[in-house]
Amino acid sequence: MPEEAGFPPAKRFRPGSGPPSRAGSFPPGRRVVMLLTAGSGGRGGGGGRRQQPPLAQPSASPYPEAVELQRRSLPIFQARGQLLAQLRNLDNAVLIGETGSGKTTQIPQYLYEGGISRQGIIAVTQPRRVAAISLATRVSDEKRTELGKLVGYTVRFDDVTSEDTRIKFLTDGMLLREAISDSLLRKYSCVILDEAHERTIHTDVLFGVVKAAQKRRKELGKLPLKVIVMSATMDVDLFSQYFNGAPVLYLEGRQHPIQVFYTKQPQNDYLHAALVSVFQIHQDILVFLTGQEEIEAMSKTCRDIAKHLPDGCPAMLVLPLYASLPYAQQLRVFQGAPKGYRKVIISTNIAETSITITGIKYVVDTGMVKAKKYNPDSGLEVLAVQRVSKTQAWQRTGRAGREDSGICYRLYTEEEFEKFDKMTVPEIQRCNLASVMLQLLAMKVPNVLTFDFMSKPSPDHIQAAIAQLDLLGALEHKDDQLTLTPIGRKMAAFPLEPKFAKTILMSPKFHCTEEILTIVSLLSVDSILHNPPSRRDEVQGVRKKFTSSEGDHITLLNIYRTFKSIGGNKDWCKENFVNSKNMILVAEVRAQLRDICLKMSMPIMSSRGDMESVRRCLAHSLFMSTAELQPDGTYATTDTHQPVAIHPSSVLFHCKPACVVYTELLYTNKCYMRDLCVVDAEWLYEAAPEYFRRKLRTARN
DNA sequence: GAGCACTGC
């Protein structure tokens, strides 16, 4: 046990002053149209809290009166009339609502009851599928209608709407996809962008899309489009400014008070500090760390220490939590600990927003997160452990006050906290923009280079995406105007990264569309390979029979084919260390992609075991992502001569092929290539002679 | 020689 264990937390922590009071965080001069007060409110306010329902939804009461009573008891209900009167007359509004304010479930109903949806549907976007589905379920229960009639939802692979649907919950990505076929969003009278504070890349693009649609519809004298932005944080200046100074409406919720403690001294080892804290707080705890490896190691250490606790100390149930953990193991965090046990959940930021665990009173925040950063100089995305933003820290803190008052221990000083960034950099400034640019071009945005983003990505960043699309043959430059080529338009039809869409479109030339559909599907979902570190030898033994010396793509294809040919099921997956949930998803994606091909009247053929055609096809479409073996035994990318290495997860890790294409570069400690395919340098040259004229080392020799 | 935050179409 760590030596400090046993000291009461107060010895090492000191209470913080908490976030600014609500009223205080409004900049002076702000036009606050409405201030609703109901419920207790709390000190923990100010952070990015959200109101996603828990995974396990309590079913609605079978008694209509009870449902109605519950609706009326929500804080928001008292402001119903006032809200509706305001919203009816506004084109734009920004709504801040705390957890439990009921804004997401009630506002769409108020608008519906107020007749807003008579001429068009009310859309409510969500960043996550589960949220869209469970919210639609709840609202349709409240309206006492069948799901899919008055209230429905649309997410990928699942459209539960009908001609009667007036309130439609959908993922932000889904509405964006709809905008490709109708950029004016004609079927909607109102779009509510919920959870806007999360600033997902899709929501950020939608900001621009709905703003443009609103303006254009007005110019054309069509049905006006009402846009409501909903956020759980106070930082709404940007939203309000962007939507022409839209009024901000504030709704108070029912957050419980949370006491915040900071360390007295900066901690240079956050892992050690976290470990000590876990044993000092003899309660159920949620600990935030950065990644799988760290979490597994910490879990093991905690279990080992807990074995030797003195008599009278409650035993400890340690539960790791991260996205790639098999679903059944994720579910364990929702179950109560056995009697006499205390529950310690060690989690990534998945527990910040995606998974809500009720009954957590204690949160330990290391202040660290693993996140993608974009390096505009190299154009590379870097995955790095870094400080959280203030908003993120408040989000974590808020997880302690879901059911009752709580306590949050921050493993950093208050002075350190003050230096954290105010907000997390929006995703749109941290990712490759090729997909976004392709989608905007498909919507016929007049000038993508000057598109009205709320937070503009740098010009270099946009230019890099345009260059990538150009290489893929998606762009046409006409009179200083960028438009899509016929291939570019087809690429936009696929829910894929542009380069994968291109791979599919190239495949008929190599008579291997069936194989490529499988490979692209496998690459576009989370890995189907399950690699428990404790059973590494076993995994290697089992996987050997699928391994191809031609690389990861062919190996994955082998696994999928075997799974299909023997009628694979869950047991087969378990025996072969395959993640069955992801495997099912691959089949769904594949069916969707195949449908799109059929609609385009693409010939769909199989290469019937000829893997060289498949590799040629990959070489012809991924030629900008290649690396070559150097005389010193290392690898360098062909285009920029960036030093790269084969990722340890690759089947080629111990091999040294002369030339490979990869599907992803991942910068962690080193720059790693993931998902490799052995190719012939000659093929690359054939694919893009201009591009490779002076680049290829092997072809030159 | 040695490793993969989180979503979503």
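Because the structure is predicted, anything quoted here is derived from the model rather than measured. In what follows, every chain begins at residue 1, and chains take the letters A, B, ... in the order their sequences are listed.
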Which pairs pass salt bridge (charged side-chain N to carboxylate O under 4.0 Å, His left out) with one or both residues in residues 659-677 of chain A, sequence neighbours excluded? A:Glu664-A:Arg674

Whole-Å distance between B:dG3 P and A:Glu293 CD? 7 Å

Report the nucleotide, chosen from B:dA2, B:dA5, B:dC9, that has the shortest atom-to-atom distance to any side-chain atom of A:Arg129. B:dC9

In whole angstroms, how far is the C1' atom of B:dA2 from the CG atom of A:Asn531? 13 Å

For the side chain of A:Lys372, starting at C-beta, report the closest nucleotide among B:dC9, B:dA5, B:dG1. B:dA5

Nearest whole Å is fine: how far is B:dC6 P from A:Leu666 CG? 13 Å

Kindly write out the residues that satisfy salt bridge (Lys or Arg N to Asp or Glu O under 4.0 Å) with A:Arg535, not counting sequence neighbours, or none if the list is empty. A:Glu538

Pairs involving residues 495-505 of chain A, ordered by first then second residue, that meet side-chain hydrogen bond (donor to acceptor under 3.5 Å, both in side chains) (sequence neighbours left out): A:Thr503-A:Ser621

From the options B:dT7, B:dA5, B:dG3, select the nucleotide whose nearest atom is closest to the side chain of A:Glu427. B:dT7

Taking any heavy-atom pair under 4.0 Å as a contact, classify A:Val385: base, sugar-phosphate, or nothing. nothing

Between A:Gln292 and A:Ser324, does the side-chain hydrogen bond (donor to acceptor under 3.5 Å, both in side chains) criterion hold? Intermediate values first, please. CA-CA 8 Å; A:Gln292 173 177 351; A:Ser324 59; 3.3 Å; yes

Exercise answer: donor-acceptor pairs, residues 580-589 of chain A side-chain atoms, under 3.5 Å, sequence neighbours excluded:
{"residue": "A:Asn582", "atom": "ND2", "partner": "A:Ser527", "partner atom": "O", "Å": "2.9"}

Closest listed nucleotide, where the reference is the side chain of A:Arg156 and the choices are B:dC6, B:dC9, B:dA2: B:dC9

Against the side chain of A:Tyr322, the closest entry in B:dC6, B:dG3, B:dC9 is B:dC6

What is the distance, rounded to the nearest whole Å, between atom CG of A:Leu629 and atom C1' of B:dG1? 14 Å

If you assign A:Gln439 and A:Arg430 each to the DNA chain B nucleotide with the nearest heavy atom, which residue ends up on the more 5' nucleotide? A:Arg430

Between A:Glu416 and A:Arg410, does any side-chain N to carboxylate O distance fall below 4.0 Å? no

Nucleotide of B:dG1, B:dT7, B:dC6 approaching A:Arg128 most closely (side-chain heavy atoms): B:dT7

Of the nucleotides B:dG3, B:dC9, B:dC6, which one has an atom closest to the side chain of A:Arg177? B:dC9

Quick check on DNA chain B: between A:Phe157 and A:Thr290, whose nearest nucleotide comes earlier from the 5' end? A:Thr290

Of the listed nucleotides B:dC6, B:dT7, B:dG3, the one nearest the side chain of A:Asn349: B:dC6

If only side-chain N and O atoms of A:Thr348 are considered, is one of them under 4.0 Å from the OP1 or OP2 phosphate oxygen of B:dC6? yes

Separation of atom CG in A:Asn432 from atom C1' in B:dG8, rounded to whole Å: 15 Å

Given B:dG1, B:dG8, B:dA5, the nucleotide with the shortest approach to the side chain of A:Gln292: B:dA5

To the nearest Å, how far apart are A:Lys670 NZ and B:dG3 P? 7 Å

Among residues 494-504 of chain A, which contact DNA chain B at a heavy-atom distance under 4.0 Å? A:Pro495, A:Leu496

Send over the distance from A:Asp526 CG to B:dT7 C1', rounded to a whole Å. 10 Å

Answer with yes or no whether the side chains of A:Asn558 and A:Arg543 bring together a donor and an acceptor at under 3.5 Å. no

With heavy atoms under 4.0 Å as the rule, sort A:Ile350 into base, sugar-phosphate or nothing. sugar-phosphate

Please, which pairs that meet salt bridge (charged side-chain N to carboxylate O under 4.0 Å, His left out) have at least one residue in residues 168-182 of chain A, sequence neighbours excluded? A:Lys168-A:Glu178, A:Glu178-A:Lys187, A:Asp182-A:Arg186

Could you check how far CE of A:Met443 sits from P of B:dC9, rounded to whole Å? 15 Å

Using the side-chain heavy atoms of A:Thr171, tell me which of these nucleotides is nearest: B:dA5, B:dC9, B:dA2. B:dC9

